[in-house]
Protein chains: 2
Amino acid sequence: MTLRNAVMAALLEGESSGYDLAKGFNATVANFWTAPPQQLYKELDRMEADGLIAARLVRQERRPNKRMFSLTDAGRQALRDFTAQQPRPSAIRDELLVQVQSVDAGDVDAVRAAIAAHRQAAEEKLVRYERLRDRLLDGRDEHDYLRQAPRVGPYLTLARGLAFEQENIRWADLALAVLQQRSALVT
Amino acid sequence: MTLRNAVMAALLEGESSGYDLAKGFNATVANFWTAPPQQLYKELDRMEADGLIAARLVRQERRPNKRMFSLTDAGRQALRDFTAQQPRPSAIRDELLVQVQSVDAGDVDAVRAAIAAHRQAAEEKLVRYERLRDRLLDGRDEHDYLRQAPRVGPYLTLARGLAFEQENIRWADLALAVLQQRSALVT
DNA sequence: AGGCACATGTAAAAGGTTACATGATTGG
DNA sequence: CCAATCATGTAACCTTTTACATGTGCCT
């Protein structure tokens with residue numbers, strides 16, 4: 001039920017097509033809520049039926065037509081109501097960590113490769129987040145930005161994403177070092 | 001489908017009842033995989049039917065009887081196979097961050113309260129993790145531990161959990177400070 | 001010629017949450 | 001005496017994932 005709220009949060013940035021939302025979920029919301037395209041298209045239909053968002057058909061000549069969605073007043077109100085409720089505890093589903101937990105009874109080399117891939121992905125996300133932050137700050141330092149900006153929500157969630165990915169990288173380095181040392185011992 | 005693997009990873013620590021697994025999922029696996037009791041009981045039944053785990057009925061006098069589960073050889077092999085596969089990207093579902101993202105169009109005071117509660121929960125988790133780490137290290141420093149311990153998986157996931165909660169606390173402080181300043185401006 | 005980006009959709013299957021149900025024991 | 005802990009289970013419902021389907025335009 002909260003995919004709805006995540007979509008509305010994303011639409012605060014402005015009108016968007018289902019396709020755009022699907023791709024990285026606006027690149028901002030992606031950090032704390034993920035959804036495959038199919039789920040979004042379905043949910044967007046339902047949200048329109050419920051009056052939370054309004055669709056506008058954009059005819060294109062050299063591309064397929066698309067529907068641009070925007071928040072309605074009812075949608076804004078629903079989002080407001082959502083923020084007033086107590087959020088449910090965050091849920092994490094991390095297969096890599098399940099693998100690491102059982103690495104001593106598992107395929108160490110495969111897990112090491114998976115950690116390395118994870119590190120790489122974190123690095124790429126980090127670069128994107130830093131670029132996004134620079135775009136937001138636009139030359140100002142954090143302090144000035146936070147006093148002047150009309151919205152602080154996106155900055156705060158971005159800050160959480162940045163720290164998370166930095167931590168991922170640091171942790172991956174530790175894990176790789178430990179597992180490598182272990183392999184060396186066995187050899 | 002990976003709840004199975006998380007359960008098997010938890011059972012590497014030794015025999016456990018459904019109830020014990022349900023409670024904090026062994027307190028170790030809880031960081032990266034969560035599940036309500038009902039899901040566990042259901043899954044445990046299926047896993048037993050599939051031969052991945054074996055159940056042993058323990059009759060108790062002053063308490064309800066319980067079933068203790070342990071990994072079978074087939075279970076160990078399945079866990080091994082799982083570690084050899086590429087893990088799917090981790091999924092996060094964090095309602096609080098959805099609220100923070102839309103805080104500028106939402107109920108600021110409610111969101112602040114939610115962040116404070118989140119900070120509190122992180123603090124408590126951190127204490128538990130630190131206690132667990134101390135129990136694992138048992139007086140040794142990290143370096144010695146990692147050379148001597150028969151298993152490193154649980155330590156590595158614990159390290160990730162520790163860093164995650166520390167980061168949660170740091171971020172909550174930032175977010176609270178920013179939102180408080182904003183409220184002050186409006187007032 | 002082949003592959004990616006754009007752009008949406010249907011349907012089935014799997015996975016996860018919530019509500020309801022039971023009942024003894026222990027601790028405050 | 002009341003609440004929490006121990007210990008499990010069924011059923012209904014909601015959410016999420018996966019597979020399949022379609023078709024143009026652009027770039028190499």
Side-chain angles (χ1 to χ4, degrees), chain A residues 1-7 15-27 29-30 32-50 53 55-69 82 85-95 98, chain B residues 1-7 15-27 29-30 32-50 53 55-69 82 85-95 98:
Chain A
M1 202 64 195
T2 318
L3 175 58
R4 273 170 128 75
N5 301 306
V7 167
E15 212 187 26
S16 179
S17 70
Y19 187 82
D20 286 338
L21 285 171
K23 268 195 1 190
F25 219 145
N26 194 1
V29 191
F32 45 88
W33 210 275
T34 52
Q38 284 67 15
Q39 206 189 347
L40 281 170
Y41 285 120
K42 215 194 317 173
E43 192 61 32
L44 284 167
D45 283 347
R46 276 200 235 118
M47 290 172 75
E48 196 197 355
D50 292 347
I53 56 177
R56 179 173 72 87
L57 184 69
V58 175
R59 288 178 203 285
Q60 298 184 115
E61 302 222 325
R62 335 200 134 249
R63 306 199 160 290
N65 294 341
K66 63 180 172 181
R67 302 203 300 153
M68 298 293 285
F69 297 96
F82 163 67
Q85 280 171 30
Q86 196 170 321
R88 65 184 66 181
S90 69
I92 309 181
R93 297 275 136 90
D94 197 331
E95 283 201 0
V98 177
Chain B
M1 200 63 194
T2 319
L3 176 59
R4 272 170 129 76
N5 300 306
V7 167
E15 210 184 29
S16 180
S17 69
Y19 187 83
D20 286 339
L21 285 171
K23 266 196 3 191
F25 219 145
N26 195 1
V29 190
F32 44 90
W33 209 275
T34 52
Q38 284 68 15
Q39 205 190 345
L40 281 169
Y41 285 120
K42 216 195 314 176
E43 191 62 31
L44 285 167
D45 283 345
R46 276 199 235 119
M47 290 173 75
E48 195 197 357
D50 292 346
I53 57 178
R56 179 173 72 86
L57 184 69
V58 176
R59 290 177 202 281
Q60 298 183 115
E61 302 221 324
R62 335 199 136 250
R63 305 201 162 287
N65 294 341
K66 62 180 173 181
R67 302 203 300 152
M68 297 293 285
F69 297 96
F82 163 66
Q85 280 171 29
Q86 196 171 321
R88 67 185 63 182
S90 69
I92 309 181
R93 296 275 138 91
D94 197 331
E95 283 201 359
V98 177

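Within every chain, numbering begins at 1; the chains are lettered A, B, ... in the order of the sequence lines, protein sequences first and strands thereafter.
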Opening and closing nucleotides of DNA chain C in contact with chain A, under 4.0 Å to non-hydrogen atoms: C/dA5 to C/dT18
Between [X] ([atom1]) and [N] ([atom2]), how many Å, whole number?
X       : N     : atom1 : atom2 : answer
B/Gln60 : D/dC6 : CD    : C1'   : 8 Å
B/Asp20 : D/dA7 : CG    : C1'   : 10 Å
B/Arg59 : D/dA7 : CZ    : P     : 15 Å

Would you give the length of the straight line joining atom [atom1] of [X] to atom [atom2] of [Y], rounded to the nearest 0.5 angstrom?
X       : Y       : atom1 : atom2 : value
A/Arg67 : A/Ser17 : CZ    : OG    : 11.0 Å
B/Leu40 : B/Asp20 : CG    : CG    : 11.0 Å
A/Ile92 : B/Trp33 : CD1   : CH2   : 11.0 Å
B/Glu43 : B/Gln38 : CD    : CD    : 13.5 Å
A/Thr2  : A/Phe32 : OG1   : CZ    : 12.0 Å

Of all heavy-atom pairs between B/Met68 and B/Val58, which one has the smallest distance, and what is that distance? CG-CG2, 3.5 Å
Could you go step by step and tell me if A/Asp50 and A/Arg4 meet the salt bridge (charged side-chain N to carboxylate O under 4.0 Å, His left out) rule? CA-CA 11 Å; A/Asp50 292 347; A/Arg4 273 170 128 75; 2.2 Å; yes
With the threshold set at under 4.0 Å for non-hydrogen atoms, list the residues of residues 34-44 of chain A touching DNA chain C in residue-number order. A/Gln38, A/Tyr41
Counting only non-hydrogen atoms, which of residues 87-94 of chain A are less than 4.0 Å from DNA chain D? none
Does any N or O in the side chain of B/Glu48 come within less than 3.5 Å of the main-chain N or O of B/Ile53, such that one atom is a donor and the other an acceptor? no
Looking only at atom types and distance, does a side-chain atom of A/Glu15 sit under 3.5 Å from a main-chain N or O of A/Phe69, one as donor and one as acceptor? no
When the nearest nucleotide of DNA chain D is assigned to B/Gly18 and to A/Leu3 on a heavy-atom basis, which residue is associated with the more 5' position? B/Gly18
Can you check whether B/Thr34 reaches A/Arg93 side chain to side chain, under 4.5 Å on heavy atoms? yes
